[in-house]
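Inspection log for the structure reproduced underneath, given as structure tokens.
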Amino acid sequence: MLGFLHRRLVARSFLPRSGPVFANRLLGLQVTMTTRAAWTYDESVARLNSFQTNAAVLAEQRKRGVMQANRSFKAVKEIITVLGISQEDLSNLKIIHIAGSKGKGSTSAFTESILRDHGFKTGLFTSPHIIEVRERIRINGTPISRESFAKHLQEFTETVEENESHPPTYFVTTFLLALKVFLSEKVDVAILEVGMGGLFDATNIVQHPVVCGITHIGLEHTAILGSTYSEIARQKAGIMKKGHPIFVLANQKKDVLTEFVKCSEEVQPLGLFAVQKLEGDPVIGMAGDHQLENAALAICLAETWEYFHKNHSYHTPQLSINPQQEFIPETAPLSEESFASVSLPLEKCRWPGRSDILVQENITWYLDGAHTRDSCKAASKWLQSVLRSPLKSHGSEGNVPGDSEDLPHRILLFNCTGGRDPYPLLQPILENVEFDEAVFCTNVADVKKQLADQMNFNTSFDSSLELRDKCFASYHVLLRELKTGQSESENMEVGGNVEDEDSPPSHKMESIREALEYIKSMHAPNGIEVFVTGSIHLVGGVLGLLGAPVR
């Protein structure tokens with residue numbers, strides 16, 4: 001309780017002291033402002049934070065599931081009307097709409113990079129952010145400036161208040177702000193990444209995208225999207241639009257592909273096409289086999305958009321004569337000539353917090369915001385590929401920093417969010433890579449000094465501690481399972497005496513800063529390697545506290 005009150009007071013201290021009357025629905029404050037002085041960036045972020053849904057309300061909304069999502073979608077329709085943004089305005093943005101459980105951010109980045117390289121002015125909206133919220137809105141691949149973010153958010157907020165509209169959520173605000181910025185900047189193309197699901201996501205206010213794409217589907221947000229692959233696939237397929245083509249990744253479960261076909265028959269898009277990963281060994285800017293799938297999907301989206309932009313019509317993509325699945329027509333492998341036109345932007349493309357490496361003094365940080373079982377498996381495979389010796393023996397002296405074959409001391413820094421079960425996330429990591437030590441923390445950046453861009457009221461501090469303890473317990477259960485070959489996961493207890501005497505050291509920290517201070521205080525003659533994963537919020541907090549630049 002004290003932690004929550006502390007966050008309320010910190011948020012209050014950030015609130016702007018100028019502007020129109022605004023009822024802060026999160027803090028229960030009424031702030032009277034007599035002038036319309038320009039907001040600073042910190043003031044604008046504090047105001048945006050007031051749109052966050054607190055933990056208790058969010059828990060109640062999750063119980064309502066899709067019903068709540070539908071309500072939120074109706075609210076978006078109301079606010080976009082207040083802002084004076086029409087469907088014609090949205091059509092003029094020539095939108096590419098991308099959904100999926102994992103890889104949609106990377107696919108969006110690849111698509112943007114290709115079209116920017118081909119001379120188009122691009123707008124890109126993604127979430128969540130890594131270090132600063134302005135990263136969610138990019139023009140030509142670069143986050144908008146602090147000044148631009150503050151200016152547009154102030155105008156947005158004042159318009160909503162003057163029309164006495166219901167305050168939007170944090171995500172809805174950032175999305176509508178992106179549309180406002182893209183229209184103001186007169187971009188040639190806007191690439192929109194879905195926030196959650198698709199059918200009732202705020203981004204689905206767009207009725208006439210040029211082309212849509214769906215990346216890999218996994219079990220996620222089951223309280224809202226459904227508990228089966230078919231149910232979640234239907235939600236993702238909600239971005240399909242009649243008369244507009246859609247491309248999906250072919251490497252999906254049968255239930256997912258079957259559901260895509262059903263939805264296509266109902267909606268009647270202008271073609272449903274499946275995409276296989278890039279063949280051969282192309283050089284692209286993001287590591288991992290899964291990124292070859294995302295890059296292939298991005299190429300199809302960019303090519304389709306370019307053809308439509310130049311000809312005001314669509315062409316049917318060349319189809320494979322040897323499809324690897326039987327449900328959906330499959331695009332043919334990319335020719336060498338076609339790949340040559342996109343090879344440079346794919347190679348140059350980087351996405352912060354995904355397969356990311358940061359070196360500071362004697363510590364090498366490997367960061368990946370993987371947060372599903374499949375993405376954690378892919379992240380561990382990436383880590384395997386970049387480490388000198390992924391599997392190192394924890395012999396009798398294996399707990400002494402750097403003593404194993406003169407290798408760096410290796411640390412796992414992990415947590416997860418959103419009520420996820422840490423066991424299936426940790427399992428592929430521990431199966432593929434050995435660590436000398438493990439640190440588990442909450443997603444709170446600093447318990448003493450809150451960073452405005454890293455504030456999160458969607459979960460209570462107590463529940464964050466409980467999830468951290470569950471991560472700690474899952475880690476030790478998995479270590480024993482890997483050692484004995486016997487399953488213990490069904491009988492796993494949270495907390496308690498779960499740490500074996502002969503297991504590598506492990507620690508529980510209250511904040512990300514505390515975890516970083518511990519790691520940086522270590523003495524390791526051969527250096528330190530830290531793998532940060534399990535949550536994009538954790539990765540963002542680490543990069544922010546390490547002073548990494550906004551990219």
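Each residue takes its place number in the sequence, starting with 1.
Using cut-offs of 30° and 60° on the angle between ring planes, the pair Phe308 and His312 is perpendicular.
By the 4.5 Å heavy-atom criterion applied to side chains, Glu529 and Trp365 are not counted as neighbours. Side-chain contact check for Phe531 versus Ile411: every heavy-atom pair is 4.5 Å or farther apart.
In this structure Glu330 satisfies the side chain to side chain contact (heavy atoms under 4.5 Å, CB included) test together with Ala250, Ala274, Gln276, Ser320, Pro323, Gln324, Gln325, sequence neighbours excluded. Residues satisfying the side chain to side chain contact (heavy atoms under 4.5 Å, CB included) test with Ser335, not counting sequence neighbours, are Glu337, Ser338.
Ionic pairing of Arg410 and Glu434 is not present here: no N-O contact between side-chain nitrogen and carboxylate oxygen is shorter than 4.0 angstrom. For the pair Asp356 and Arg551, the salt-bridge criterion is met [side-chain N within less than 4.0 Å of a carboxylate O].
For an aromatic pair to be called close, the ring centres must be under 6.0 Å apart, and Tyr314 with Tyr307 fails this. Two rings, from His290 and His216, have their centers 6.0 Å or more apart.
A donor-acceptor distance shorter than 3.5 angstrom exists from the side chain of Glu193 to the backbone of Ser127, with no hydrogens or angles considered.
For the 3.5 Å distance criterion, the side chains of Asn443 and Ser535 qualify, holding a donor opposite an acceptor. Residues His371 and Thr417 bring no donor and acceptor atom of their side chains to less than 3.5 Å of each other.
Checking Val210, Val189, Leu192 one by one against Ile95, the side-chain contact (heavy atoms from CB on, under 4.5 Å) holds for a single residue, Leu192.
Taking CG of Leu383 as the start and OG of Ser355 as the end, the distance is 10.0 Å to the nearest 0.5 Å.
Counting only residues at least two apart or in different chains, salt bridge (charged side-chain N to carboxylate O under 4.0 Å, His left out) contacts with residues 308-326 comprise Glu306-Lys310.
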